[in-house]
Amino acid sequence: MQLGTRWNVGAVAPSRLDAALVAAVQQVEAELVSASVDTAGWGWTLTYLEGKPRVELDDGTSIHLDDAGHAQVTNPDDAAEED
């Protein structure tokens, strides 16, 4: 069993997190900064689904690895468009 963790936006991601996920987290955070989004108090949550890591931001943005090991980002706005 793997336990997840939580960390604040802008803080260092957990060291056990895959490099592709760390890069995706950093990209999402850079986009938020560039859009002047106030992320004070926001955090990331790391969980494991069937042994695979998944991170989710408090706004609903989620990141997981596909079968090839590439990070896939799903924004809450993207999910709303699918409904």
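Note that the structure is predicted; figures quoted are calculated from it, not measured. Computed from heavy atoms alone, side chains included, the values below leave out hydrogens, waters and symmetry copies.
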Whether Q72 side chain and D66 backbone form a donor-acceptor pair below 3.5 Å
no

Which heavy atom of R54 sits nearest a heavy atom of S62, and at what distance?
NH1-OG, 3.7 Å

D67 meets the salt bridge (charged side-chain N to carboxylate O under 4.0 Å, His left out) criterion, sequence neighbours left out, with K52

Spatial distance of atom NE2 (H64) from atom CG (L21) [nearest 0.5 Å]
9.5 Å

Residue pairs passing the salt bridge (Lys or Arg N to Asp or Glu O under 4.0 Å) test where at least one lies in residues 4-14, sequence neighbours excluded:
R6-D58

Minimal non-hydrogen separation, W7 against V12, with atom names
CD1-O, 3.9 Å

For the residue pair V73 and T61, establish whether any side-chain heavy-atom pair is separated by less than 4.5 Å.
yes

Residues pairing under side chain to side chain donor-acceptor pair (under 3.5 Å) where one sits in residues 17-28, two or more places apart or in two chains, turn out to be Q27-E31

Side-chain heavy atoms under 4.5 angstrom apart, residues restricted to Ile, Leu, Val, Met, Phe, Trp, Tyr: same cluster for V28 and V33?
no

Derivation of the side-chain contact (heavy atoms from CB on, under 4.5 Å) call for V55 and V25
CA-CA 8 Å; V55 293; V25 164; 4.0 Å; yes

Verdict with supporting geometry, W44 and N8, side-chain contact (heavy atoms from CB on, under 4.5 Å)
CA-CA 6 Å; W44 292 96; N8 293 330; over 6 Å; no

Nearest heavy-atom neighbours spanning I63 and A71:
CG2-CB, 4.0 Å

Please test L57 against L32 for side-chain contact (heavy atoms from CB on, under 4.5 Å), starting from the C-alpha separation and ending with a verdict.
CA-CA 11 Å; L57 185 57; L32 291 169; 3.7 Å; yes

